[in-house]
Amino acid sequence: MTTIEIKVPSDNEEGTTMKIQKWLKAIGDVVTKDEPLVEIETDKVTMEIEAPADGVLTEITCQIGVDVDAGAIIGALSTAQTGSEIAKDEAPISDVDLSAPAANPEGAPLNEVPSNVGLSPSVRRFVAQNNIDISGISGSGRGGRLTLADVKSCLSHMRANPMPSNPVEPKLDLAQGDQIIPHSSMRLAIAKHMTHSVATAPHVTAVFELDFTSIMAHRAVHKAEFAAKGVKLTYTAYFIMACVEAMKAVPTVNSRWHDDRLQVFGDVNIGIGTSLGSAGLVVPVVKQAQAKSLFGIAQNLQDLTSRARDNKLKPSDVKGGTFTISNHGVSGSLVASPIIINQPQSAILGIGKLEKRVVVKTLDGQDVIAVKPMAFVSLTIDHRVLDGHQTNMWLSRFVDVLENWPDSNV
């Protein structure tokens, strides 16, 4: 019999918070290689961990809701057993010292476990010996049955996260109709990240106007051609290409501040803020945008945003961004300020709502009033890195590229 450990991927960014969201298999289930076993929620994505080989799931060491680190062992499978050969209640589990004192309050009596709760003798004995309250434990066995692995994992968690002897419940002033909504891991991570960014970087925002006439005309001509190849041509693809050109004019926008130096990146890796509704948002990254054509960007973008909304992103999809675009106008806002910088980046681009507006244009040397498809675009910068002159130069080039498409040397 060969036992293979099931581990949390180790390619997450340092400091990433991860939590077990759902086990898709129970102890004793037969699994095939690359079959999803467990869902892990990080502060950026929900991902599936797949079976490393064909076999039978023999061990679950981390239960739903438990925080885990990159590289942590969360279970094991056997490559030589079948489901009928495994006594699920007796499944071994690591990292629990049975000789250590139980995590019950001093002097508390052992839990009395009634004989009719459907527990095996070994589980009943372990619960009684360690004074474990089983009312809040989710069973991983068939039909939700508690296994020995479940209660041992609970005991490990209790010892790692001891409760104060006299916990004080916070008093909430609730009125009729009020709701209490627990924060998700993603929402807590967003809150922490945004607070850190505002506290770290002095934010300054500049706003320009953008006339969409040229890119709308170009898109109208080419969107059928792209669609024939299975790719949707969106305005965001144009924005990314214009960002690449603007970086050539002001490379320091594509940078990271360090206390003793400025790191200016060679690759332009552009993150796209993608809303997940009330669940929060994620920022998948188009890598090396400077090396891609409009079609290549549109294709990459379609793949990333589609998988983002289906919770299919991998940790590598949201890593390595050097600049971010927030297309907040899709939900109706004209201007958002400041759009909080995605630390440790130095700037973030905001795209407002596209709408027809009456504007004054110069035609053959004469001022004329025209109705044009317009939007406000903003660049929020870290004022430690960039000044107003650089900010306006970047936005000027960005707008020029889009308003003179495709005659802007892109």
Side-chain angles (χ1 to χ4, degrees), residues 1-13 16-95 120 123 137-154 156-157 184-186 276 279 282 284 302-319:
M1 179 183 72
T2 301
T3 298
I4 299 177
E5 295 173 335
I6 302 166
K7 296 183 178 181
V8 176
S10 57
D11 61 346
N12 291 289
E13 290 184 276
T16 298
T17 301
M18 291 177 285
K19 188 185 295 289
I20 302 291
Q21 187 180 58
K22 181 192 300 183
W23 277 96
L24 305 176
K25 297 292 181 180
I27 291 177
D29 284 352
V30 177
V31 300
T32 58
K33 189 177 186 299
D34 297 329
E35 184 178 9
L37 293 179
V38 59
E39 289 183 356
I40 302 274
E41 182 185 47
T42 77
D43 53 2
K44 297 179 179 177
V45 297
T46 297
M47 60 182 178
E48 294 177 342
I49 297 178
E50 300 171 341
D54 294 343
V56 175
L57 184 62
T58 58
E59 188 174 353
I60 292 176
T61 59
C62 292
Q63 294 298 321
I64 295 171
V66 174
D67 292 334
V68 292
D69 296 323
I73 299 171
I74 58 173
L77 61 84
S78 167
T79 60
Q81 291 178 301
T82 64
S84 62
E85 294 171 335
I86 295 177
K88 292 186 292 182
D89 297 316
E90 304 298 336
I93 186 168
S94 59
D95 301 328
S120 71
V123 174
I137 307 176
S138 299
S140 62
R142 295 188 184 279
R145 186 183 183 192
L146 281 179
T147 69
L148 188 57
D150 295 331
V151 292
K152 286 183 176 180
S153 177
C154 176
S156 293
H157 184 69
S184 66
S185 296
M186 180 178 289
L276 301 179
V282 291
Q302 177 174 291
D303 170 61
L304 288 171
T305 54
S306 175
R307 288 193 289 114
R309 294 189 174 104
D310 291 337
N311 288 322
K312 297 296 184 182
L313 288 176
K314 300 176 182 178
S316 58
D317 293 325
V318 295
K319 288 176 59 177

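Positions are given from 1, in the same order as the sequence printed here.
- Between the side chain of Thr61 and the main chain of Ile74, a donor-acceptor pair closer than 3.5 Å is present.
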Open item on the list: Set out, in order, the CA-CA distance, both residues' side-chain angles and the distance that settles side chain to side chain contact (heavy atoms under 4.5 Å, CB included) for Val8 and Val68, then state yes or no.
Closed with: CA-CA 8 Å; Val8 176; Val68 292; 3.9 Å; yes

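- Asp54 places no side-chain N or O within donor-acceptor distance of the main-chain N or O of Thr32, the cut-off being under 3.5 Å.
- The two residues Pro52 and Glu5 make their nearest non-hydrogen contact at CG-O, 4.1 Å.
- Without hydrogens or angle criteria, Asp29 side chain to Ala26 main chain gives a donor-acceptor distance under 3.5 Å.
- Separation of atoms CZ (Arg309) and CG (Leu304) is listed at 11.0 Å; rounding is to 0.5 Å.
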Open item on the list: Val38 vs Leu24, test: side chain to side chain contact (heavy atoms under 4.5 Å, CB included). Steps then yes/no.
Closed with: CA-CA 5 Å; Val38 59; Leu24 305 176; 5.7 Å; no

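- Residues Ala51 and Val31 share a closest heavy-atom pair of CB-CG2, 4.0 Å.
- Contact record, Thr58 with Ile27: O-CG2, 3.9 Å, taken as the closest heavy-atom pair.
- Glu35 and Lys25 are joined by a salt bridge, as a carboxylate oxygen and a charged side-chain nitrogen come within less than 4.0 angstrom of each other.
- Contact between Asp317 and Arg307 at its shortest, heavy atoms only, is OD2-NH1, 2.6 Å.
- Note that CD of Glu48 is 9.5 Å distant from CG of Asn311, once rounded to the nearest 0.5 Å.
- Using a 4.5 Å heavy-atom cutoff, the side chains of Ile49 and Pro9 are in contact.
- Between Leu77 and Gly55 the shortest heavy-atom distance is CD1-CA, 4.3 Å.
- Across Ile6 and Ala76, no two heavy atoms sit closer than the pair CD1-N, 3.6 Å.
- Between the Trp23 side chain and the Glu39 main chain, no donor and acceptor come within less than 3.5 Å of each other.
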